Amino acid sequence: MITTSPRLRGRFRSTGTPRAAFVLAGTLVLAAALRLVGFDWDARQHLHPDERFLSMVVSSLRLPSSAATWFDEARSTLNPRNVGFPFFPYGTLPTTIVKVASERTGLSGFDQVTLVGRGVSALADLVTLVLLYVLALRVTSRRPVALLAAFLYAVSVLPIQQSHFFTVDALATCLTTATLLALERVQARGERADWVAAGALLGLAAATKISVATLVLVAAAVAGTALVAKWREGPAPHRTAAVESLLLRFVLLLAAAGVVFRIAQPDAFRGPGLFGILPSDRWLANLREVGELVSGEKDIPPGVQWAGRTPFVWPLSNLALWGMGVPLALAAAAGTAAAVAALARRRAPRLLVPAVWVLVVVLHQGAQWVSSLRYMLPAYPCLCLLAAWGLV
């Protein structure tokens, strides 16, 4: 695997200066202010349709009486399909977290659940900012890049907006960024524990929003790069053993992701016990319906807004004009292009994780019929990272 030199490790240690901590703390305070101002922005009128739906679901859920009930898809009181919501297109980890938080704080009413959910979104986005700082520091080994990346994310429009909504997107972005940080550690060190940790975080991210399961493509890119490096070094027997070890570790990542997804989103499996791992028919039916909606195969009234939109051009222009602002979007595009070019020339290998993830999100979401701006949110931390890298 790719390892760091003593000089590079020394640079990592030198980044923890009081000045950097002060600047990062100031950035966090700014980000918190922007995400918490106007917290009750609609005076509890429930104007956001997805947020209203999630609040209805959470206020109808009940905490299970036992672990056995948790894993029983047909009886679980944390399964939205068992409490009057047969179509539930999201991961159930966010609704479970908000339900537990609302019960523990005594804010379990319909109006109160919305505010608890918004608090979870805002807190998750602040964690995302810290994770981005660490990721940028590890990827570039430059404190100014990490601080600038954190600042750019702190003032980006879409993350601020989504922090004011009880939706799954801010939490999905947080867990996605945590997974990317773990994959960077896999690339840098590659111990078995690193692969397992990355897989576990991937499972949590997928249990929040199934579309971010495309993180497995980033893991495959990391594994593929390491595989090529191993194949080029040493005699044939050594190469074979190294490749087998690497493939085993990738399988460990997938297994960890599967186990954690099984625990974090039990409604996706039939159960009734932990080892009942056949997919739930109702969950699969919901996935098929979501696929028909985002592809335009199923026609519903809200889908009319996407008629005549050009794939990639429409979502990326919205990202530039409304989600980031033109200057930051141009910097992010230039940074991404430069990172891809550097990787193609076998330079700056540590940029592999953020660059591949940006490409995965853009190619996956940009081609869909439904091109809501928030679908690009998981790429924002890496877009800010690559913009900062290019600018510095």
Side-chain angles (χ1 to χ4, degrees), residues 35 38-61 78-81 83-99 101-102 107 109-125 128 157-176 205-212 265 267 283 285-296 298-306 315 318-319 322-323 361 364-365 368-380:
R35 283 151 179 78
F39 194 65
D40 191 10
W41 56 271
D42 61 344
R44 307 191 190 187
Q45 296 301 306
H46 304 282
L47 300 179
H48 189 302
D50 294 338
E51 181 182 65
R52 182 171 62 249
F53 173 73
L54 286 171
S55 298
M56 292 167 60
V57 169
V58 171
S59 59
S60 300
L61 298 175
L78 283 175
N79 184 350
R81 302 170 192 90
V83 294
F85 299 92
F87 177 68
F88 188 78
Y90 308 106
T92 49
L93 180 60
T95 54
T96 300
I97 290 173
V98 174
K99 182 63 179 180
S102 64
L107 302 173
F110 176 61
D111 289 340
Q112 297 167 321
V113 161
T114 301
L115 297 182
V116 173
R118 291 178 184 178
V120 170
S121 292
L123 178 61
D125 207 52
T128 299
V157 179
L158 189 64
I160 295 172
Q161 182 203 57
Q162 294 301 310
S163 294
H164 286 77
F165 298 155
F166 169 27
T167 57
V168 304
D169 299 281
L171 183 59
T173 301
C174 177
L175 291 171
T176 295
T208 304
K209 190 174 185 180
I210 193 63
S211 61
V212 299
Q265 187 164 347
D267 62 286
W283 181 68
N286 284 177
L287 287 186
R288 286 192 294 269
E289 187 168 354
V290 170
E292 293 170 351
L293 291 173
V294 299
S295 67
K298 176 172 284 189
D299 190 14
I300 59 173
V304 174
Q305 64 184 302
W306 310 116
N318 272 297
L319 182 149
W322 310 112
V361 174
H364 179 214
Q365 301 294 346
Q368 290 184 165
W369 167 262
V370 176
S371 52
S372 295
L373 184 56
R374 71 170 188 252
Y375 292 176
M376 292 286 186
L377 185 63
Y380 270 60

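Values reported hereafter were calculated over all heavy atoms of this structure, with side chains retained and with hydrogens, waters and symmetry mates removed. Fair warning: this is a prediction, and the values are worked out from it, not measured in the lab.
- Within the 4.5 Å cutoff, no side-chain heavy atoms of Glu289 are placed close to those of Pro89.
- Contact check for Arg35 versus Pro159: side-chain heavy atoms found under the 4.5 Å cut-off.
- At a threshold of 4.5 Å between non-hydrogen side-chain atoms, the residues Asp50 and Phe53 do not count as touching.
- Inter-residue side-chain proximity for Leu54 and Phe88 is flagged as met; some heavy-atom pair is nearer than 4.5 Å.
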Residue pair Ile210, Gln265: steps toward the side chain to side chain contact (heavy atoms under 4.5 Å, CB included) verdict | CA-CA 10 Å; Ile210 193 63; Gln265 187 164 347; 5.8 Å; no
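- Salt-bridge formation is detected for the pair Arg374/Asp169: a Lys NZ or Arg NE/NH1/NH2 atom is positioned less than 4.0 Å from an Asp or Glu carboxylate oxygen.
- Within the 4.5 Å cutoff, no side-chain heavy atoms of Thr173 are placed close to those of Gln162.
- Scanning all heavy atoms of the two residues, the minimum distance from Phe165 to Arg118 falls at C-CG, 3.9 Å.
- Considering all non-hydrogen atoms of both residues, Thr114 and Ser55 come closest at OG1-OG, 2.7 Å.
- In terms of heavy-atom proximity, Asp42 sits nearest to Leu47 at OD2-N, 3.3 Å.
- Between the Lys99 side chain and the Leu78 main chain, no donor and acceptor come within less than 3.5 Å of each other.
- A side-chain donor from one of Thr92 and Asp267 sits under 3.5 Å from a side-chain acceptor of the other.
- Here the straight-line distance linking atom CD of Gln368 with atom CG of Leu293 works out to 11.0 Å at 0.5 Å rounding.
- Rounded to the nearest 0.5 angstrom, Gln161 CD and Ser121 OG are separated by 11.5 Å.
- Counted within 6.0 Å of CH2 on Trp322, heavy atoms from surrounding residues, nucleotides or ligands total 12 or fewer; the atom is thus considered open.
- For the side chain to side chain donor-acceptor pair (under 3.5 Å) criterion with Asp111, the lone passing option out of Arg44, Gln45, His46 is His46.
- Nearest approach of Ser371 to Pro315, heavy atoms of both residues: CB-CB, 4.0 Å.
- Residues Val116 and Phe166 fail the side-chain proximity criterion, which asks for heavy atoms closer than 4.5 Å.
- Nearest heavy-atom pair across Ser295 and Gly291 is OG-O, 2.8 Å.
- Put simply, the side chain of Trp306 never gets that close to the backbone of Gly296: no donor and acceptor are under 3.5 Å apart.
- Summarising the geometry of Val212 relative to Ala205, their closest heavy-atom pair is CG2-O, 3.3 Å, with the distance given to 0.1 Å.
- Atom OH of Tyr90 sits about 11.5 Å away from atom OG of Ser211, to the nearest 0.5 Å.
- Here NE2 of His164 is found 10.5 Å from CG of Asp40. Values are rounded to the nearest 0.5 Å.
- Between Gln112 and Leu115, the closest side-chain pair of non-hydrogen atoms is not below 4.5 Å.
- Taken to the nearest 0.5 Å, the CG atom of Asn318 stands 10.0 Å off from the OG atom of Ser372.
- Taking CG of Asn79 as the start and OG1 of Thr96 as the end, the distance is 9.5 Å to the nearest 0.5 Å.
- Side-chain contact between Tyr375 and Lys209: present, with at least one pair of heavy atoms (C-beta onward) separated by less than 4.5 Å.
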